[in-house]
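First the structure, in the form of structure tokens, and then the observations on it.
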Amino acid sequence: MRAIKIIICFIVLQASAQQGGMWIPSLLEGMNEDEMRSLGSKLTAKDIYDVNNSSLKDAIGHFNGGCTSEVISDKGLVLTNHHCGFGQIQSHSSLENDYLKDGFWAMSLEEELPNEGLFIEFIVSIHDITDAVLKGVDDSMTEKEKQSLITKNSNAVMASWSKEEWQDVKTKSFYKGNQYFLFVTERFEDIRLVGAPPSSIGKFGSDTDNWVFPRHTGDFSMFRIYADANNRPAKYSKDNKPYKPKHFLPVSLDGVEEGDFTMVFGFPGRTNEYLPAVAIEHITKEFNPTNIAIREAALKVIDAKMKASDEVRIKYASKQARIANAWKKWIGENLGIEKSDAVEKRRAFEAIFTKALKEKNLEDKYGNILSEFDKLYKDFAPVNIKRRNFIEVFLVTNELMQMTFRAYQVEQALLENPELLDKAKASLTSRFKGIHKNYDKDLDKGVYLSVMPLYGKPLDASIYEKTAFTNLDSALQLLEGDVKTIIKNLNKDAAYVYAKPIIDEFYNKIDAEYQQKNTAISALQTKYMTALMKALPNERYFPDANSTLRVTYGQVRGYSPRDAVYYNPVSYLDGVIEKYVPGDYEFDVPQKLRDLYNTKDYGQYADKNGKVPVCFLGTNHTTGGNSGSPAIDAEGNLVGLNFDRVWEGTMSDMNYDPEICRNIMVDLRYVLFIVDKYAGAKHLIDEMKLVHPKK
Ligand code: ARG
Ligand code: ASP
């Protein structure tokens with residue numbers, strides 16, 4: 001009888017342990033630790049996060065604020081995705097030294113390339129400061145009063161926090177403002193490029209394969225952290241030394257197979273898991289489609305120009321990838337929400353919530369939340385769409401409009417405070433240089449002609465011939481002279497004159513209305529979160545992603561995207577060769593890789609069937625920002641490098657469904673195989689600690 005009970009308990013735990021979640025590493029003891037164990041983990045909460053001893057978290061770095069990276073040697077060698085290091089790889093590339101196309105490998109420390117502005121940040125410790133932050137906050141206050149007291153309180157906590165002088169502190173809100181944490185961090189700023197495979201490996205399959213499985217992308221690149229003589233963070237200096245980390249991840253040569261435990265440790269950016277059904281409906285039926293249409297129009301122009309010219313291809317590689325990425329994600333998100341009946345399921349859940357409110361006598365306080373959401377979203381939807389469409393046109397796709405937008409901001413700032421002149425000039429100069437570093441006027445004009453009508457404004461193609469913005473020198477000339485001259489000259493520029501009323505409308509009408517309505521929705525969302533936790537206290541609640549360090553765990557699993565189709569969880573080098581299209585911009589395969597395949601020269605990197613695994617799937621709940629995160633096995637070894645999710649599963653940002661949500665990882669054996677056999681950078685392999693946990 002007892003055995004049966006244990007088995008039942010185990011099955012229940014198994015099922016619930018598959019439900020996803022992104023958990024705070026300092027709070028894993030108890031429920032998470034148990035769930036992880038039931039999935040096969042041998043790690044304790046303290047192995048993962050420990051303030052007093054080195055632990056796994058000491059190897060995990062926030063890469064440039066947007067991706068994740070991990071330390072894999074005692075000399076500060078760092079692994080992240082190819083698409084995370086893409087900007088750096090591109091910035092060292094030229095037509096003669098095309099590292100994007102051919103790859104790059106530093107064969108010694110001296111050959112490693114510095115990267116201005118790039119940083120990696122580690123978490124030293126995490127502290128719950130909720131009481132101090134919410135001190136004096138009560139329901140009689142307006143939203144504005146609440147927020148300003150919260151800001152004041154959290155600034156006071158940060159100011160008085162004791163830390164080392166080379167460390168920083170920051171605070172973040174969790175559970176929609178129901179909880180607050182403080183993070184002590186260390187930020188390293190001398191980060192050098194060590195290696196990157198050619199795009200035909202690191203971006204193999206490009207946009208066609210992006211967000212889908214079966215996948216065969218070797219999406220990795222390597223960097224190294226340098227520190228000062230005391231092993232502390234420092235600005236770039238040729239005297240800096242490779243960083244000696246508190247912990248680095250050993251690399252497993254044994255890999256994982258279906259059913260094995262994996263955990264992904266990183267910095268997920270943003271999720272919205274507790275939205276009401278009405279919000280999911282708005283996002284997928286109204287909001288996404290309009291933004292998809294704008295990006296699609298821009299991509300049509302960009303793709304054609306990139307195919308026609310190598311120079312344009314290199315210039316626009318990064319910009320194109322950024323635009324295409326979210327475009328395709330949103331399409332998948334809509335697909336997944338529809339396929340999994342997410343809106344209906346959310347409505348059913350809301351019925352359970354409403355019933356629980358009644359049973360617990362919470363109706364008076366929280367009973368009107370859902371109807372209030374309905375009202376607010378109806379009112380919010382049009383302005384939410386309009387505002388985002390503006391951003392898509394003025395900040396994402398059309399660069400001339402982006403320059404006028406930045407100039408507009410500077411004009412406003414100068415009108416208010418002329419003393420800002422030097423600062424304003426510097427900031428605009430760097431914006432203009434940033435854009436012109438990789439700018440093609442013809443392409444941009446094509447984008448303008450196709451996106452602006454989607455924002456509902458009349459076109460005037462002649463601005464491209466008359467404006468000063470499309471050439472760096474003449475754009476910078478606009479910034480010469482005193483405040484009056486600059487403002488006068490800006491207001492004579494044809495593009496500026498064209499854009500100004502549109503930007504005026506954005507700030508004075510659209511954004512103002514959006515902010516006001518969004519504040520009301522956020523406040524209601526905070527109340528909803530509180531109500532959920534009170535009405536249904538036994539549900540598993542994890543805080544939405546907010547670019548802080550999180551743990552997610554699951555198992556290696558395939559999935560069924562459609563009727564009668566099942567995706568195995570592991571892809572192999574054989575699949576790379578199957579997809580090979582000679583000379584294709586997405587599916588070309590380097591000669592050397594084909595040779596290695598033909599001669600089966602796999603070294604120690606094949607699995608037990610003699611094949612080189614390339615990518616694998618897991619049930620880890622990840623999102624944007626988790627790119628570059630390590631996939632860690634039951635014993636704390638590195639087995640994979642997270643880089644993507646499956647298409648139908650990208651809805652996990654609003655609705656994690658264990659049936660179809662999968663994260664995609666590069667098998668570390670493929671990474672090692674490329675570094676060693678393809679690139680001949682054996683010295684990097686020698687730096688790592690390779691282990692055989694399964695032998
Ligand atoms: N979809 C992945 C993520 O959101 C990978 C993007 C990079 N790859 C690409 N083909 N754009 O970032
Ligand atoms: N590719 C994403 C990233 O760059 C990861 C994801 O959205 O699954 O962070």
Side-chain angles (χ1 to χ4, degrees), residues 20 22 60-70 79-90 100 196-213 215-221 264-272 295 299 302-303 306 313 316-333 336 396 544-550 552 554 579 584-587 615-631 640-654 656 660-666:
M22 306 166 164
I60 318 300
H62 205 179
F63 187 87
N64 221 13
C67 278
T68 305
S69 58
E70 51 278 356
L79 183 65
T80 188
N81 289 141
H82 185 263
H83 78 262
C84 294
F86 201 83
Q88 284 74 35
I89 304 166
Q90 178 188 34
L100 277 182
S199 290
S200 54
I201 291 172
K203 208 187 163 185
F204 182 71
S206 194
D207 291 325
T208 301
D209 272 9
N210 192 21
W211 298 115
V212 296
F213 207 72
R215 190 63 159 278
H216 298 87
T217 314
D219 193 345
F220 78 95
S221 61
V264 172
F265 205 178
F267 291 85
R270 216 165 78 97
T271 59
N272 259 311
R295 291 201 180 202
L299 285 168
I302 299 172
D303 288 348
M306 282 174 74
R313 176 183 59 76
Y316 275 81
S318 223
K319 293 175 184 173
Q320 192 275 355
R322 190 166 68 98
I323 296 171
N325 194 41
W327 161 74
K328 192 164 177 188
K329 187 210 149 177
W330 293 329
I331 299 173
E333 188 169 80
V396 179
D544 269 318
N546 58 358
S547 293
T548 61
L549 185 60
R550 302 293 180 89
T552 170
K579 284 180 179 172
D584 186 69
Y585 81 106
E586 298 189 302
F587 292 102
C615 293
F616 64 100
L617 293 176
T619 58
N620 308 289
H621 185 179
T622 55
T623 188
N626 269 123
S627 272
S629 299
L641 177 62
N642 185 70
F643 72 103
D644 210 3
R645 281 171 285 167
V646 301
W647 211 21
E648 305 79 1
T650 56
M651 64 158 177
S652 64
D653 289 348
M654 292 182 274
Y656 179 86
I660 54 172
C661 291
R662 296 288 178 273
N663 69 313
I664 312 180
M665 298 154 277
V666 191

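Order of listing sets the numbers, starting from 1, for every ligand and every atom in it. All residue numbers refer to positions in the sequence shown, counting from 1.
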field: Met654 side chain reached by Glu333 side chain, heavy atoms, under 4.5 Å
entry: yes
- prompt: Does any N/O atom on Asn642 come nearer than 3.5 Å to any N/O atom on ligand 2?
  reply: no
- prompt: Applying a 4.0 Å heavy-atom criterion (strictly less than), which segment of Thr650 is in contact with ligand 2: side chain, backbone, both, or neither?
  reply: neither
message: Do Glu586 and Asp209 make a side-chain contact, defined as non-hydrogen atoms from C-beta onward lying under 4.5 Å apart?
response: no
field: Asp544 and Arg270, any side-chain heavy atoms less than 4.5 Å apart
entry: no
- prompt: With a 4.5 Å limit on heavy-atom distance, are the side chains of Phe643 and Arg215 in contact?
  reply: yes
message: Starting from atom 11 (N) of ligand 1, what is the nearest protein heavy atom, named by residue and atom, and what distance separates them?
response: Asn210 ND2, 3.7 Å
Atom 2 (C) of ligand 1: the protein heavy-atom neighbour that sits closest, reported with distance to 0.1 Å: Asp644 OD1, 3.1 Å
Heavy atom of the protein closest to atom 8 (O) of ligand 2 (residue, atom name, distance): Arg645 NE, 2.8 Å
message: Quick one about Asn546 and Thr548 (side-chain donor to acceptor, distance below 3.5 Å, no hydrogens or angles considered), yes or no?
response: yes
- prompt: Under a 4.5 Å cut-off applied to non-hydrogen side-chain atoms, are Thr80 and Ser221 in contact?
  reply: yes
task: Using a 4.0 Å heavy-atom cut-off, say whether Trp211 meets ligand 2 through its side chain, its backbone, both or neither.
output: side chain
query: What atoms of ligand 2 come closer than 4.0 angstrom to any heavy atom of Asn626?
result: 9 (O)
message: Checking the N or O distance criterion of under 3.5 Å, is ligand 2 in contact with Phe643?
response: yes
task: Indicate yes or no: at least one non-hydrogen side-chain atom of Met651 is less than 4.5 angstrom from one of Ile660.
output: yes
task: Establish, from distance only, whether the side-chain atoms of Asn642 and Asn663 form a donor-acceptor pair under 3.5 Å.
output: yes
- request: Go through ligand 2 atom by atom and flag the ones less than 4.0 Å from a non-hydrogen atom of Gly625.
  value: 3 (C), 9 (O)
- prompt: Does an N or O anywhere in His83 fall below 3.5 Å from an N or O of ligand 2?
  reply: yes
query: Mind checking whether Phe587 and Phe204 have parallel, tilted or perpendicular rings, split at 30° and 60°?
result: perpendicular
field: Within-4.5 Å side-chain heavy-atom neighbours: Asp207 and Tyr585
entry: no
task: State the atoms of ligand 1, each with its element, that fall below the 4.0 Å cut-off from a heavy-atom position in Ser206.
output: 10 (N)
task: Just let me know how Lys203 lines up against ligand 1, side chain, backbone, both or neither, with a heavy-atom cut-off below 4.0 Å.
output: side chain
- line: Residue, atom and distance of the protein heavy atom nearest atom 3 (C) of ligand 1 read Asn325 ND2, 3.4 Å
- prompt: Is ligand 1 less than 4.0 angstrom away from at least one heavy atom of Gly624?
  reply: no
Result of checking Lys203, His83, His82 against Asp219 for side chain to side chain donor-acceptor pair (under 3.5 Å): His83
message: Does any N or O of ligand 2 fall below 3.5 Å from an N or O anywhere on Thr622, backbone included?
response: no
- prompt: For atom 3 (C) of ligand 2, what is the nearest protein heavy atom, given as residue, atom name and distance?
  reply: Ser627 OG, 2.3 Å
query: Taking heavy atoms and a distance under 4.0 Å, where does Ala324 meet ligand 1: side chain, backbone, both or neither?
result: neither
message: If the cut-off is 4.0 Å to any non-hydrogen atom of Asp644, which atoms of ligand 2 fall inside it?
response: 1 (N), 8 (O)
